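Worth saying up front: this structure is predicted, and the values here are computed from it rather than measured.
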Amino acid sequence: MDATAQDGTGTPDVTGTPPGPAGPDVLTFGETMVALRGDGPLKLGGTLRVSVAGAESNVAIGLARLGHRVHWTGAVGADEAGELVLRTLRAEGVEVSGATRDATAPTGLLLFEPRLPEVTRVHYYRTGSAGSRPAPAAVERVFATAPPRVLHLTGITPALGPAARATARHALRLARRHSTLVCLDVNFRARLWTADEAAEVLRGWLPWVDVLIASGDELPLCLPGPAGEPGEDAARLLALGVREVVLTHGADGATAFTGADGPHHQPAVPVRAVDPVGAGDAFVAGYLSALLDGADLAGRLARAATTGAFAAASRGDWEGAPTRAELSLLGAPPGTVVR
């Protein structure tokens, strides 16, 4: 992408002077829902814990805890659920002044059902929600005030419907106009759209993308033609203009490719896994945080692996995200008491 400079280490250059004194480091755009977490099969009833969740807002909270200026935008219903979403994000230091309240649609709902110790089922109630039909003004206001250094999108937002898809594409155009780096986490959700639908949209987005984050089985959604080995697909994406491709491997860590550096592999940080939900978003937050700090490829992956491990070791989508001061805690021996 020509709008983004790059230094000799393969690092997209976002470490210079921000576009303006009020400009956020990162703008995220997507749907955040009320999340209800059960403690067993839903059909048996029981207690549900109330929180909020959404891939983009999870990333926003992770970045805010690491000390970055983050703006989340989107739409919520003009209801108490929407107020919970906005209140939670504000409490976590995320700017939400660009968000809108839709009086004609509800805030979306998400149910988590832990069915087995290692298996959690997720049930979406977001069809026709406010977050599925945001207006372009939701992103225009942020860019008009002070363009962000990074725009972070996921493949979830365009799966929500035509309005969300059009607004996300508008955000990409604004990012190009303002020389804002674009990070895309593919985040394919088979329960929201088909692979063919996702491929048609994501391949059209590719010319705008600087940093692409995906699992190996998600890469073919971004490329025409037959799928190859993940490393081969990453090389094809680099040849098409993506500056950085990060392949996530779950418990096996992640590998990053750039035109000037890599591939570089980062093993996962070993932790006692409690809840894998949200670990991918925490990984993205750590990666973008280190990128904004000017870290090299190894440093970006190391911080991402650390923040991802914090999430996996904690219950909830974002609740376990670390502050900058806590990043070193994972190196402490078992039984450590910090006084």
Check: Under 3.5 Å, is there a donor-acceptor pair between the Glu113 and Thr120 side chains?
Finding: no

Notebook entry, point to check: Once you round to the nearest 0.5 Å, how far does CG of Asp25 lie from CG of Leu63?
Noted result: 8.0 Å

Next item on the list: Write down the atom of Thr306, the atom of Leu330, and the distance for their closest heavy-atom approach.
Entry: O-CD1, 3.6 Å

Margin query: Check whether Arg176 reaches the backbone of Pro207 with its side chain - one donor and one acceptor, N or O, closer than 3.5 Å.
Written below: yes

Margin query: I'd like to know if the side chain of His249 pairs up with that of Thr255 as donor and acceptor (distance under 3.5 Å, no hydrogens or angles considered).
Written below: yes

Item checked: Other residues, nucleotides, ligands: >12 heavy atoms within 6.0 Å of Arg315 CZ -> no

Margin query: Using modelled atom types and a 3.5 Å cut-off, is there a donor and acceptor pairing between side-chain atoms of Arg126 and backbone atoms of Met33?
Written below: no

Checklist line | salt_bridge(Arg65, Glu92) N-O dist < 4.0 Å | finding: yes

Note to self: I need the Leu160 CG to Trp193 CH2 distance, nearest 0.5 Å.
What the structure shows: 9.0 Å

Next item on the list: Ignoring hydrogens and angles, tell me if any N or O in the side chain of His71 forms a donor-acceptor pair with the backbone of Gly98 under 3.5 Å.
Entry: yes

Item checked: Of all pairs that satisfy salt bridge (Lys or Arg N to Asp or Glu O under 4.0 Å), the ones with a partner from residues 180-206, not counting sequence neighbours -> none

Checklist line | Donor-acceptor under 3.5 Å (His265 side chain, Ala254 main chain) | finding: yes

Next item on the list: Measure across Gln266 and Ala305 and return the closest heavy-atom pair with its distance rounded to 0.1 Å.
Entry: CG-CB, 3.7 Å

Margin query: For Thr28 versus Glu56, what's the shortest heavy-atom pair and its separation?
Written below: OG1-O, 3.6 Å

Margin query: Could you measure the distance from the CD atom of Glu31 to the CG atom of Leu110? Nearest 0.5 Å is fine.
Written below: 9.0 Å

Item checked: OG1-CG distance between Thr154 and Asp281, expressed to the nearest 0.5 angstrom -> 8.0 Å

Margin query: Keeping Ser51 on the side-chain end and Ala35 on the backbone end, is there a donor-acceptor pair under 3.5 Å?
Written below: no

Checklist line | From Phe29 atom CZ to His170 atom NE2, the distance as rounded to the nearest 0.5 Å | finding: 10.0 Å

Note to self: Walk me through whether Val76 and Asp102 qualify under side-chain contact (heavy atoms from CB on, under 4.5 Å).
What the structure shows: CA-CA 6 Å; Val76 297; Asp102 187 338; over 6 Å; no

Checklist line | Minimum heavy-atom distance Asn58-Ala53, with the two atoms named | finding: OD1-CA, 4.2 Å

Check: Counting N and O atoms only, with roles assigned by atom type, does the side chain of Trp318 sit under 3.5 Å from a partner on the main chain of Val52, one being a donor and the other an acceptor?
Finding: yes

Margin query: When you measure from the side chain of Glu319 to the backbone of Asp317, do you find a donor-acceptor pair of N or O atoms at a distance under 3.5 Å?
Written below: yes

Margin query: Please determine whether side-chain contact (heavy atoms from CB on, under 4.5 Å) holds for the pair Trp205 and Leu153, giving the CA-CA distance in whole Å, both sets of side-chain angles, and the decisive distance to 0.1 Å.
Written below: CA-CA 11 Å; Trp205 283 14; Leu153 296 176; 4.1 Å; yes

Item checked: Side-chain H-bond candidate by donor/acceptor type, His68 with Arg324, under 3.5 Å -> yes

Margin query: Is it the case that the side chain of Arg300 and the backbone of Leu291 share a donor-acceptor pair, with hydrogens and angles ignored and the cut-off at 3.5 Å?
Written below: no

Next item on the list: Please report the closest heavy-atom contact between Ala103 and Ala78, naming both atoms and the distance.
Entry: CA-CB, 3.8 Å

Notebook entry, point to check: Which atoms form the tightest heavy-atom contact between Ile156 and Ala55, and what is the distance?
Noted result: CD1-CB, 3.7 Å

Check: Side chains of Val139 and Leu174: closer than 4.5 Å at any heavy-atom pair?
Finding: yes

Notebook entry, point to check: Which value, rounded to the nearest 0.5 Å, describes the distance between Asn187 atom CG and Ile213 atom CD1?
Noted result: 10.0 Å

Notebook entry, point to check: Any chance the side chains of Arg165 and Ser132 put a donor and an acceptor closer than 3.5 Å?
Noted result: no

Next item on the list: Please check if the side chain of Arg37 supplies one atom and the backbone of Arg49 the other of a donor-acceptor pair under 3.5 Å.
Entry: no

Next item on the list: Go through the side-chain N and O atoms of Arg303 and Ser289 and say whether any donor and acceptor fall under 3.5 Å apart.
Entry: yes

